[in-house]
Protein chains: 2
Amino acid sequence: MIAEKKKAFNAFAAKKGLRSTRQREVILDIFLSTHEHLSIEELYLKVRASNPGIGQATVYRTLKLFVEAGLARELTLSDGHTRYEHQMAGEHHDHLICLNCNAIIEFEDETIERLQKEIAERHGFKLVTHKMQLCGICPSCRKAAIEKVS
Amino acid sequence: MIAEKKKAFNAFAAKKGLRSTRQREVILDIFLSTHEHLSIEELYLKVRASNPGIGQATVYRTLKLFVEAGLARELTLSDGHTRYEHQMAGEHHDHLICLNCNAIIEFEDETIERLQKEIAERHGFKLVTHKMQLCGICPSCRKAAIEKVS
DNA sequence: TCATTATTGAAAATGATTTTCAAAGTTTCT
DNA sequence: AGAAACTTTGAAAATCATTTTCAATAATGA
Ligand SMILES: [Zn+2]
Ligand SMILES: [Zn+2]
Ligand SMILES: [Zn+2]
Ligand SMILES: [Zn+2]
C-alpha cells in the first residue's frame, strides 16, 4: 500500500524529471503514515520532529507535488488552513464536518454523485470535480449541548 | 424587494444597537443593486466610484454585517477572493463554476438536499449548512477548446 | 570528476483580511 | 440645543497563510 504509493510518486517524479531528495522521501513517508486530514502546519511539525532542518517552504512545495502526482487531495475547510489527505486513483469521498469540534467524517453517496453529473450535463458543463461539505453538529457535541442545558 | 431588504437590515441594526450611517446605506444600496457574485474588491471599487472616501475596511466590516443580518451569503471559491451574493430567507442554491472562465451558474436540486440531510442524520449530525460546488468546463469554453484543436 | 540543473532553507515578499486608534459622527440625556 | 457617552470610520499598521527569492547545496549524467 505505502510501497505502491511511493512507487507511484517515483514514477511521477521520473516522468517529470524531478530529482530524488531526502526531504521529499521524509515528507512522503510522514504523509503516508498519517490517516487524518492534516494541515501543512501539522505536517511540518511532524516532519521537523524527526528531521529538524527541513523547512516549511519545502513542505509546502512537496505537498503540491503530491497533489500533482495524484497521491494527495487538498481540502479547504473554512479555518484558513489548507489540509491534505490521501487520495487513491478511482476513490472519492466527501466530508461531514462538525462546526463545534471540527471533527471530520468521510462519506460517499453514489446517488448524489450521479445527480451532480446530471446537473452539469443539463447545463452543458463537462464536470471535472466538485466540492461538497456538509456542516453540522456531531453526535458528541449535540449530547454535550443538551447536558449543558439540563 | 430592495426596500424590504433595507427594512430588514434596519431592523437587524436596531436590534443590535447599530447606528445608521451614510456609509452603510451606500454600501447596502450598491450591494442590493448588483446581481452577481461580487468580491469585496469589486464591491469596493463600485462603492468608491460614487463615494470616494469610503474605505475598504468599512466595506469588509459592512459586508460581514449583511451576512449576520441574513441578507448576504459569503462564497469562497478557490481564487482567494471572498465573494458575496444576495441571500433571502428560505431560499438556497448551489453553484456550477467554470474552471476556465470562472462563470458561475446557480442551481437547486431538492433530491441532493434531501440526501444530504439523510447522510447527516445517518451519522448522528444535526445538519446546519453545506457547501457544494460543481467545477467543470462551461459550454462556451468547451466549444472554444474544440475549435482550437480543429 | 565536472558541468549542468534542480532543490533547499531562510528570509523577504505577497496579498487578503483584520486590527488599531484618533478623529468624526450618532444617539441619549438634560 | 448642548454635552456626555458611545459607535463608526479611514488610514495605516498588523496579521497570517502562502509564495517567492536567492545564494548555497545536492543530484544527475557525461
Ligand atoms: Zn463536534
Ligand atoms: Zn477525507
Ligand atoms: Zn467557461
Ligand atoms: Zn449564487
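Numbered from 1 within each chain, the chains take letters A, B, ... in sequence-line order. From a predicted model like this one, the values you see are computed outputs, not experimental measurements.
- Checking each of A:Glu42, A:Lys64, A:Arg73 against A:Tyr84 for a side chain to side chain contact (heavy atoms under 4.5 Å, CB included) leaves exactly one that passes, namely A:Lys64.
- Side chain of A:Arg24 to backbone of A:Arg19: a donor-acceptor contact under 3.5 angstrom is found.
- Inspection of the B:His37 and B:Glu85 side chains reveals an N or O donor paired with an N or O acceptor under 3.5 Å.
- Not one N or O on the side chain of B:His123 forms a donor-acceptor pair closer than 3.5 Å with the backbone of A:Cys138.
- In this entry the distance linking CG of B:Leu63 with P of C:dA16 reads 16 Å, nearest Å.
- DNA chain C is contacted by A:Leu18, A:Arg19 of residues 9-19 of chain A, taking any non-hydrogen atom closer than 4.0 Å.
- Remark: side-chain polar atoms of A:Thr34 are paired, donor with acceptor, to backbone N or O of A:Phe31 under 3.5 angstrom.
- Rounded to whole Å, the distance from CD on B:Glu42 to P on C:dT17 is 12 Å.
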A correct 5'-to-3' footprint of nucleotides 9-22 of chain D, with B, S and - meaning base, sugar-phosphate only and no protein heavy atom under 4.0 Å, is BBB-----SBBBB-
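- For the atom pair CD1 of B:Ile30 and CZ of B:Arg48, the computed distance is 12.0 Å after rounding to the nearest 0.5 Å.
- No continuous path of hydrophobic side-chain contacts links A:Met132 to A:Leu75 [ILVMFWY only; heavy atoms under 4.5 Å].
- Taking atom CD on B:Glu25 and atom P on C:dG25, their separation rounds to 16 Å, with Å as the unit.
- Pairs engaging residues 128-150 of chain A under the ring pair (Phe, Tyr, Trp, His ring centres under 6.0 Å) rule: A:His92-A:His130 [sequence neighbours left out].
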